[in-house]
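For reference, the structure is listed below as structure tokens.
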Amino acid sequence: MMAGLFRKVYDWLIRTFWAQEMEVTMIGLQNAGKTSLLRVLSGGEFTVDSIPTVGVNMKRVVRGNVTLKCWDLGGQPRFRTMWERYCRGVNSIVFIVDIADLPLIPKAKDELHALMSRESLMGIPLLVLGNKTDLDEKLSVDELIDELDLKSIQGREVSCYGISAKEETNLRAVVDFLMKWRTIQ
């Protein structure tokens, strides 16, 4: 009984004094896999028939004493005007690209660069994820870096990984990147 009480008090102290909450915004064009990635990161199952996000969705992902408050924004053209507002003041921005949808890569580049040029977002770390590495016809990470011209984005940390939300490939690297920025606000 005493051990159970001690554990409850200890957990409360950790949550109260040492727990950290981070905010992360996940953006990208429609069907890039933002919602699927968030579902898998939060411990859920990957589903093929994911319903497109309409507007904004928020989900919490808990890792140790850190809670990632993840904003998942719709990628359809009518929702892209909201991206900047939800990216302001976050610990990091995650831009997800469907690396198998080659015709949409130039549009993804345009949207990313327009957003990253906003003064209100200066200094916020950017993680670009090339999703759907499990498919045959796709860009490599190096090709994605070139196609999106990521090396020209200045004034922030920029990283790029290839992932598969479906096969849960490289998700540990995603979480590690996000946790790296937990002290920045």
Side-chain angles (χ1 to χ4, degrees), residues 22-39 41 50-59 61 68-133 135 137-165 170-171 173-182 184-185:
M22 298 174 53
E23 288 199 45
V24 174
T25 300
M26 296 183 153
I27 54 173
L29 303 184
Q30 63 275 15
N31 301 316
K34 300 174 295 295
T35 303
S36 295
L37 174 62
L38 189 52
R39 183 180 302 117
L41 284 175
S50 187
I51 299 169
T53 301
V54 176
V56 180
N57 180 28
M58 193 277 293
K59 199 176 252 329
V61 176
L68 299 172
K69 184 177 179 182
C70 299
W71 298 98
D72 168 19
L73 282 90
Q76 299 85 346
R78 69 181 184 269
F79 299 122
R80 294 178 197 157
T81 58
M82 301 175 5
W83 287 1
E84 179 191 8
R85 183 176 12 165
Y86 282 90
C87 287
R88 282 187 221 137
V90 298
N91 295 86
S92 56
I93 298 167
V94 179
F95 189 80
I96 303 170
V97 180
D98 178 347
I99 56 173
D101 193 349
L102 302 180
L104 276 182
I105 300 293
K107 184 62 180 167
K109 174 187 173 185
D110 292 345
E111 293 291 345
L112 176 63
H113 282 269
L115 188 65
M116 293 299 103
S117 69
R118 303 292 179 101
E119 197 168 310
S120 62
L121 305 181
M122 286 303 200
I124 299 173
L126 171 67
L127 176 59
V128 176
L129 299 176
N131 190 26
K132 305 185 184 179
T133 59
L135 300 178
E137 298 291 321
K138 64 186 176 293
L139 293 177
S140 69
V141 171
D142 288 339
E143 291 169 328
L144 182 62
I145 290 169
D146 289 341
E147 291 293 322
L148 295 180
D149 195 18
L150 295 182
K151 292 177 181 170
S152 73
I153 297 176
Q154 302 295 311
R156 73 186 73 243
E157 169 97 9
V158 179
S159 291
C160 184
Y161 301 117
I163 66 160
S164 170
N170 249 359
L171 299 190
V174 172
V175 172
D176 289 348
F177 178 91
L178 297 175
M179 299 295 275
K180 175 180 173 182
W181 302 105
R182 68 179 170 264
I184 297 174
Q185 276 289 14

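Judged as a side-chain contact (heavy atoms from CB on, under 4.5 Å), and not counting sequence neighbours, the contacts of Val61 are Leu38, Leu41, Ser42, Arg63, Leu68, Cys70.
Residues Leu126 and Ile153 form a side-chain contact, since some pair of their non-hydrogen atoms from C-beta on lies under 4.5 Å apart. Counting only heavy atoms from C-beta outward, the side chains of Gln30 and Pro77 approach each other to under 4.5 Å. When side chains are defined from C-beta on, Phe177 counts as touching Glu157, because their heavy atoms get closer than 4.5 Å. The closest side-chain heavy-atom distance from Val97 to Leu104 is not below 4.5 Å. Under the 4.5 Å side-chain criterion, counting only non-hydrogen atoms from C-beta, Leu148 is in contact with Ile105. Residues Val24 and Val90 form no side-chain contact, since every pair of their non-hydrogen atoms from C-beta on lies 4.5 Å or further apart. Residues Met58 and Lys69 meet the side-chain proximity criterion, which asks for heavy atoms closer than 4.5 Å. Looking at heavy atoms from C-beta onward, Asp72 lies out of side-chain contact with Lys59 at the 4.5 angstrom threshold.
Under the 3.5 Å distance criterion, the side-chain polar atoms of Trp83 are left unmatched by any main-chain donor or acceptor of Met26. Arg156 places a side-chain N or O within donor-acceptor distance of the main-chain N or O of Leu121, the cut-off being under 3.5 Å. Judged purely by atom type and a 3.5 angstrom limit, Lys34 has no side-chain atom pairing as donor or acceptor with the backbone of Ile96. Thr25 places a side-chain N or O within donor-acceptor distance of the main-chain N or O of Tyr86, the cut-off being under 3.5 Å.
Residue His113 holds its NE2 atom at 14.5 Å from CZ of Arg118, rounded to the nearest 0.5 Å. The OG1 atom of Thr35 sits 9.5 Å away from atom CG of Leu73, with the distance rounded to the nearest 0.5 Å. The CD atom of Gln154 sits 13.0 Å away from the OG atom of Ser117 when rounded to the nearest 0.5 Å. Taking CG from Leu129 and OH from Tyr161, the interatomic distance works out to 9.0 Å, rounded to the nearest 0.5 Å. Atoms CG and CG, on Asp149 and Leu112 in that order, are 9.5 Å from each other to the nearest 0.5 Å. To the nearest 0.5 angstrom, Asn91 atom CG is 9.0 Å from Leu178 atom CG.
Under the side-chain hydrogen bond (donor to acceptor under 3.5 Å, both in side chains) rule, Lys132 has a single partner from Asp98, Asn31, Asp101, which is Asp98.
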Inset, instruction - For the pair Val128 and Ile145, evaluate side chain to side chain contact (heavy atoms under 4.5 Å, CB included) and give the outcome as yes or no after the intermediate values. - result: CA-CA 9 Å; Val128 176; Ile145 290 169; over 6 Å; no
Inset, instruction - Please lay out, stage by stage, how Ile99 and Glu143 fare under the test side chain to side chain contact (heavy atoms under 4.5 Å, CB included). - result: CA-CA 10 Å; Ile99 56 173; Glu143 291 169 328; over 6 Å; no
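The two residues Cys160 and Leu150 come nearest to each other via the heavy atoms CB-CD1, 3.9 Å. Across all their heavy atoms, Asn170 and Gly162 have their closest contact at ND2-O, 2.9 Å. Ala165 approaches Asn131 most closely through the heavy-atom pair N-OD1, 3.1 Å. Across all their heavy atoms, Gly89 and Ile124 have their closest contact at N-CD1, 3.9 Å.
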